[in-house]
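Proteins get letters first, then strands, A, B, ... in listed order; numbering begins at 1 in each. Everything quoted here is computed from the prediction, not taken from an experiment.
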Amino acid sequence: MAETSIKSMDAIVSLCKRRGFIYPASEIYGGINGFWDYGPLGAQLKKNLRDAWWQDMIMNPCWGRPGPDGEPVRCVPVETRIIQHPKVWEASGHVGGFNDPMQTCRQCKKLVRADHVDEMLREAEWFGPLVSLFESGDHLDIDRLRQWIKKYGAKQAKGMALVREQKKVLELLLALAEDLRNRGEEMTLHQFLQRIATPPESAQLCDMCPNCGGDLTAPRAFNLMFKTFVGATTEQTDDNAAYLRPETAQGIFIQFKNVLDTTRVKLPFGIGNTGISFRNEVTPRNYTFRSREFEQAELEFFCHPDESQDWYKFWRDFRMEWWQSIGLRGDNLVLREHDPDELSHYSTGTSDVEYRFPFTAPGFGELEGIAHRGCFDLSQHQEHSGAKLDYFDTERQARLQAQGLPKDEINKQCRYIPHCIEPAAGLDRGALALLCEAYTRDESRPSPEIMRFHPRMAPIKAAVFPLVNKDGMPEVAAKLHAELFKRFGHLGFIETDPKQSIGKRYARMDEAGCPYCFTIDSETLTDQTVTVRDRDTGAQERIAIDRVTSYLEERLDG
RNA sequence: GCGGGCGUAGCUCAAUGGUAGAGCGUCAGCCUUCCAAGCUGAAUGUUGACGGUUCGAGUCCGUUCGCCCGCUCCA
């Protein structure tokens, strides 16, 4: 089969637009950075992905396979809000952390974290001698400064204003010293460094770039959460400020107690939640991969600490298998266990399911993270909210009672904050991976572009065509279409189209990724059989028209 | 945020500063008994947006928005 092995992202983007999978958001207004919309086929593709997750994680977890304890895996869903109490994000660590102010050097264009600048400066070879000049009081000694420029600055700190425009900057330095003296103040190291880093024409003093000695922009805080204000008044104060969630998981943790109290669940069990989250990404790029609005499918699986490692491995392996089951087979999908130094402080194990996208190749991009989060989240919320979020394990209690342990020892062992395993998938990333994986060019075919979706994911499930638009074929096709629509319409589109050449109609279905086309021809009229055309091979077989439904049932898996 | 590249029909792309085009796709009609076939016809653009230079701007200049690449970040 003549397929090009390296897929072109441009070709995929182009097809997605052309066939109605993905459009730029707000396109007629010029688009909006970091947002994408789904067209009809994309919306259905993503729904199929979300439904598969819901089915295989919540309604029939792990396809009915037992967990490491030998019992069926139990999960329940919740649906929690995009806007939560602002304190949720303090407890989770999203407020306060993760928004590191950055500075850019106007000379060498490096981007550095503001809180790293001092340390990076100290590490620079040319910086020490400069500081010692200052500390020895020789920083206004023009000759000493010139020596420093000659020895270090000219080679290693070329961006520094002092190096680039010696004369003017030295004048300004002396003027600054004079000014301070008149006010009875002494120059600080900070002022000194700023003065020699800042170009003469600049109105404001700038920090020094640790890379080239140039002038840095003022620190810019990156606002990673979207802020909003609750209440219909126009007032926008800290009192009514709220945030759009940066992840769905916290909604689960803060309803953990309610689920326990109202649904007769017992540990171990999981709570799942899908929905939109928002992050003000620093650099939203790579098509939909890093969008500012994205959908997650997260499960928090709660268990006893002693059993948590088994469950972690169980979920890690199942999630990998699940992505494979919906069509991401082959070398493009990997399960990557994090190195110990890569782990969050509370995690004793994290893996990523990663996909080799055309834009990450030869590297990989994360589809899902499976993290052992310990008891971090529930403990945080217990501490911040004051609510008791522990669990009394009655099954364990019964076992220990049978062993004859003393009562207070039993109570001690049976009351604990559960540990939690978090498989957290990105549905938009998943959909993008499905699109990339499905995209195939086969130059040997008259219509080379084919979307080879797994039948369960395909947004169009089947098409019914009359071979030609006459001789009673359209009527038979319409009847079969109506039957299939009634039976399978909830799973995706069922198409029919009597116009134009059959080849063109097949080609359209190939581009849209429809796995099966049923064609009514003259034989159908005499012997009640139809041809089934397979998208991936183009091969045809003849089956009885009354077997079409069962043919699809066997293949659509749902 | 900075630097570089790009922006013309649904898609891929043309158009010396001088009347905005082609191919494919889409739609309609004819034809057609299995793979974007054939014939005929049709629709589709404030050339991303705003401003400027010019007798005249898709083309030159400025600003802005979006996309791609790099720096950097990614709970």
- [ ] Return no unless some side-chain N or O of A:K17 is found under 4.0 Å from OP1 or OP2 of B:G10.
- [x] no

Kindly give the atom pairs (protein nitrogen or oxygen, nucleotide nitrogen or oxygen) under 3.5 Å for nucleotides 62-67 of chain B.
from: B:C65; atom 1: O2'; to: A:G30; atom 2: O; distance (Å): 3.4
from: B:G66; atom 1: OP1; to: A:N33; atom 2: N; distance (Å): 3.2
from: B:G66; atom 1: O4'; to: A:G30; atom 2: O; distance (Å): 3.1
from: B:C67; atom 1: OP1; to: A:G34; atom 2: N; distance (Å): 3.4
from: B:C67; atom 1: OP2; to: A:N33; atom 2: ND2; distance (Å): 2.4

Open item on the list: Counting only side-chain heavy atoms from C-beta out, which of B:A75, B:C11, B:U32 sits nearest to A:K470?
Closed with: B:U32

TODO: Determine whether more than 12 heavy atoms belonging to other residues, nucleotides or ligands lie under 6.0 Å from atom CD of A:E79.
DONE: no

- [ ] Write down the distance separating the C1' atoms in B:A20 and B:C27, rounded off to the nearest Å.
- [x] 23 Å

Open item on the list: Side chain of A:P246, heavy atoms from C-beta onward: which of B:C35, B:C69, B:A75 has the nearest atom to it?
Closed with: B:A75

Task: Residue A:T531, side-chain heavy atoms: nucleotide from B:C74, B:C34, B:U12 that is nearest - done: B:C34

- [ ] Determine, for A:F294 and A:R429, whether the Lys NZ or Arg CZ falls below 6.0 Å from the six-membered ring centre while staying within 45 degrees of the axis.
- [x] no

TODO: With C1' as the reference atom in both, quote the distance from B:G45 to B:G52 in angstrom, rounded to an integer.
DONE: 24 Å

- [ ] Using the six-membered ring wherever Trp is involved, compare the ring planes of A:F518 and A:Y516 and label them parallel, tilted or perpendicular (cut-offs 30° and 60°).
- [x] tilted

Open item on the list: My understanding is that only one of A:Y23, A:Y287, A:F21 makes a ring-ring contact (aromatic ring centres under 6.0 Å, His included) with A:W36; could you say which?
Closed with: A:Y287

Task: Secondary-structure string, 5' to 3', Watson-Crick or G-U under 3.5 Å, | for another-strand partners, for RNA chain B - done: (((((((..((((....[..)))).(((((.......))))).....(((((..]....))))))))))))....

Which atoms of nucleotides 50-52 of chain B (N or O only) lie under 3.5 Å from a protein N or O atom, and what are those distances?
none

- [ ] Give me the residues of residues 497-517 of chain A where at least one heavy atom lies under 4.0 Å from an atom of RNA chain B, by number, or none.
- [x] A:K499, A:Q500, A:S501, A:I502, A:G503, A:K504, A:Y506, A:A507, A:R508, A:E511

Task: Lys/Arg cation over aromatic A:Y551: A:R555, 6.0 Å, 45° cone - done: yes

Open item on the list: Between the side chains of A:D536 and A:R452, is the shortest nitrogen-to-carboxylate-oxygen separation below 4.0 Å, so that they form an ion pair?
Closed with: yes

Open item on the list: Take a 6.0 Å sphere around CZ of A:F485 and say whether it holds more than 12 heavy atoms from other residues, nucleotides or ligands.
Closed with: no

- [ ] List for me each residue that meets side-chain contact (heavy atoms from CB on, under 4.5 Å) alongside A:A249, sequence neighbours excluded, and say none if there are none.
- [x] A:E247, A:F253, A:E298, A:E300, A:E422

Task: Separation between the P atoms of B:G41 and B:A49, rounded to whole Å - done: 33 Å

Open item on the list: So, using ring-ring contact (aromatic ring centres under 6.0 Å, His included) as the criterion, who are the partners of A:F256 when residues are at least two apart?
Closed with: A:F302

- [ ] Please assess A:K17 against A:E27 for the test salt bridge (Lys or Arg N to Asp or Glu O under 4.0 Å), listing each intermediate value before the final yes or no.
- [x] CA-CA 12 Å; A:K17 172 83 184 288; A:E27 192 184 14; 3.3 Å; yes

For residues 463-472 of chain A, dump all side-chain donor-acceptor pairs below 3.5 Å to protein atoms at least two apart in sequence or in another chain.
none

TODO: For nucleotides B:C61 and B:C24, find the distance between their P atoms and express it as a whole number of Å.
DONE: 35 Å

Task: Nearest-angstrom distance, P atom, B:C69 to B:C30 - done: 48 Å

Open item on the list: Once side-chain hydrogen bond (donor to acceptor under 3.5 Å, both in side chains) is applied, do any residues pair with A:D546, and if so which ones, sequence neighbours excluded?
Closed with: none

Open item on the list: Check A:D352 with A:R336, please: is the shortest side-chain N to carboxylate O separation under 4.0 Å?
Closed with: yes

Open item on the list: Among residues at least two apart in sequence or on other chains, which ones pass salt bridge (charged side-chain N to carboxylate O under 4.0 Å, His left out) with A:E483?
Closed with: A:K479

Open item on the list: Work out how far the C1' atom of B:A36 is from that of B:C74, and round it to whole angstrom.
Closed with: 43 Å

Open item on the list: Within residues 359-375 of chain A, which residues have any heavy atom lying less than 4.0 Å from an atom of RNA chain B?
Closed with: none

Open item on the list: Less than 6.0 angstrom from the centroid, inside 45 degrees of the normal: does A:R50 satisfy that with respect to the ring of A:W53?
Closed with: no

Task: B:U44 to B:G10 separation - C1' atoms, rounded to the nearest Å - done: 9 Å

Open item on the list: Suppose we screen for salt bridge (charged side-chain N to carboxylate O under 4.0 Å, His left out). Which residues come up paired with A:E337, at least two apart in sequence or across chains?
Closed with: A:R316

Open item on the list: Can you identify which nucleotide, out of B:C68, B:C34, B:A75, has its nearest atom closest to the A:R279 side chain?
Closed with: B:A75

Task: Sequence-distant partners of A:F127, ring-ring contact (aromatic ring centres under 6.0 Å, His included), two or more places apart - done: none

TODO: Could you give the distance separating B:G58 and B:U8 at their P atoms, to the nearest angstrom?
DONE: 15 Å

